[in-house]
Amino acid sequence: PLLIVLFASIIAYVLTHWFIRNVANAYYELQSAIKNGHIKAYAQPLIYSHSGQLSGLEILARWHHPKFGLINPDTFIQVAEETGLIIQLTQTLFKQVATTLADYADRLPDQLHVGFNISREHCKSLQLVEDCKKFLVQAKNKTIILVIEITERQLIEVTDMTTKLFKELHELNAKIALDDFGVGNSNLSYLNNFAIDYLKIDRSFVGHIGSDALSKNILDSIIEITQACNIESCAEGVETEEQALYLKEKGVTYQQGYYYLEPIAIEDFVQHPMFQKCL
Ligand code: C2E
Ligand code: CA
Ligand code: CA
Ligand code: CA
């Protein structure tokens, strides 16, 4: 038994050190990436179902790594969240997008929706309200509608603070969107508590239009919930014309997906015909 204990302690020791080194490394790497401007804002259009017009864009983070090339957010957002770096990361995205849009400030279409993915960590104080105000000033356009996408995967507690936070965001004319609806905690009380303005329907449901009956029933039910609650809806991951037509017929408000455009760097987005023709 002594040998087993000894062996187990050695393993625990090695694992702990490996863990600390790698997490510390990840922290350091990500922190310098943020500082050196290697985290880039990409943008994907949102389209009004009924008219096919551009309603706005969602900002998605990309890491341009000098050694490893383009890194997708699934591999670094979690580290950013666990280390608290997510706030700085989001702030650099706000800044890049605001300064890029500011060049078009007096020509932007009215009520352009600009969506950011906001982590729970960022909702723990009123800092987010300050960040949003700063964004609106830097973007130099008074009609922009900020969209704050919060995910269902990380429940945000209803407290006096968070209630105040969402109230102040609404006072800035921002909209609150509940992301990943249907795959997370599907907490319908959220819709009321934070006065959610729209639901983003996860692409796993959209991808099954025309094939999988169960997913399609779930999709139809989610759309019905939004209509019954009188909130807007956005379908993600639209890849085919068949999906686009189905969602339009069902009355989904916005659509987003490769069928329209994949996410591209924000500087390319503002040059893209889809954006240029709205100016
Ligand atoms: P999400 O917010 O659900 O974003 C949608 C994801 O679907 C994006 O992946 C987008 O590139 C991808 N996508 C869009 N259209 C299609 C399509 O037609 N087909 C398919 N298969 N995929 C499509 P991405 O950019 O890799 O982001 C993954 C997730 O990382 C995001 O999911 C979001 O939860 C998170 N994320 C990205 N940027 C940020 C950020 O700045 N802050 C935070 N907190 N999270 C972020
Ligand atoms: Ca999102
Ligand atoms: Ca989503
Ligand atoms: Ca998703």
Side-chain angles (χ1 to χ4, degrees), residues 30 33-34 38-47 55-64 69-98 113-124 127-128 131-132 135 146-154 156 175-186 196-209 219 222 232-244 246-247 252 254-266 268-269 274:
L30 187 56
I34 295 169
H38 293 165
I39 303 293
K40 306 274 188 198
Y42 274 52
Q44 186 179 37
L46 270 75
I47 305 295
S55 67
L57 48 147
E58 175 181 2
I59 302 304
L60 295 154
R62 294 288 182 270
W63 185 342
H64 283 208
L70 198 64
I71 305 181
N72 276 337
D74 286 329
T75 59
F76 62 86
I77 290 296
Q78 203 188 335
V79 175
E81 287 173 344
E82 285 165 2
T83 56
L85 286 172
I86 190 69
I87 296 183
Q88 277 169 266
L89 188 152
T90 309
Q91 287 167 339
T92 70
L93 300 178
F94 271 124
K95 186 158 183 208
Q96 290 171 43
V97 177
H113 290 51
V114 186
F116 289 88
N117 293 285
I118 300 296
S119 297
R120 178 169 56 188
E121 197 58 34
H122 213 151
C123 297
K124 287 189 174 154
Q127 176 67 46
L128 180 59
D131 294 341
C132 290
F135 172 87
L146 259 174
V147 179
I148 302 300
E149 298 195 5
I150 56 173
T151 172
E152 229 198 19
R153 285 176 291 107
Q154 303 184 320
I156 294 174
K175 288 188 182 183
I176 315 294
L178 187 53
D179 208 345
D180 304 314
F181 193 78
V183 292
N185 298 288
S186 292
I196 299 291
D197 299 284
Y198 68 85
L199 289 189
K200 298 200 72 169
I201 304 169
D202 195 76
R203 67 167 178 271
S204 53
F205 302 113
V206 176
H208 285 115
I209 292 172
L219 173 74
I222 296 175
E232 296 179 315
S233 54
C234 173
E236 298 182 324
V238 180
E239 293 182 352
T240 68
E241 187 179 18
E242 184 194 8
Q243 292 164 355
Y246 183 84
L247 295 161
V252 165
Y254 311 100
Q255 297 186 22
Q256 185 179 3
Y258 298 161
Y259 176 66
Y260 299 101
L261 190 66
E262 76 274 22
I264 55 177
I266 184 72
D268 298 332
F269 187 89
M274 209 180 266

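Order of listing sets the numbers, starting from 1, for every ligand and every atom in it.
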- Query: Do any heavy atoms of L93 fall under 4.0 Å from ligand 1?
  - Reply: yes
- What lies under 3.0 Å from the Ca ion (ligand 2), restricted to protein N/O/S atoms, is E58 OE2, N117 OD1, E149 OE1, D179 OD2
- Task: If the plane angle is over 60° it's perpendicular, under 30° parallel, otherwise tilted; pick one for Y198 and H113.
- Result: tilted
- Can you name the residues that form a side-chain contact (heavy atoms from CB on, under 4.5 Å) with N72, not counting sequence neighbours? R62
- Message: Measuring from atom 24 (P) of ligand 1, which candidate in A41, P73, A80 has the nearest non-hydrogen atom?
- Response: P73
- Looking at V206 and I201, what are the two nearest heavy atoms and their distance? CG2-O, 4.4 Å
- Would you mind running through ligand 1 and noting each atom that sits below 4.0 Å from a heavy atom of Q44? 14 (C), 15 (N)
- Task: Could you list the residues that satisfy side-chain contact (heavy atoms from CB on, under 4.5 Å) with Q88, not counting sequence neighbours?
- Result: I34, L85, Q91
- Message: Give the atom numbers and elements of ligand 1 that come within less than 4.0 Å of a heavy atom of E239.
- Response: 17 (C), 18 (O), 19 (N), 20 (C), 21 (N)
- Note on the structure: Within 4.0 Å of some non-hydrogen atom of E236, the atoms of ligand 1 are 3 (O)
- Say whether D74 and ligand 1 are in contact under the criterion: heavy-atom distance to a ligand atom below 4.0 Å. yes
- Task: Considering non-hydrogen atoms only, spot the tightest contact between P45 and M274 and give its length.
- Result: CG-SD, 3.5 Å
- Contacts of type side-chain contact (heavy atoms from CB on, under 4.5 Å), residue T151, not counting sequence neighbours: R153, Q154, D179, D180
- Against heavy atoms of R153, which atoms of ligand 1 measure under 4.0 Å? 34 (O)
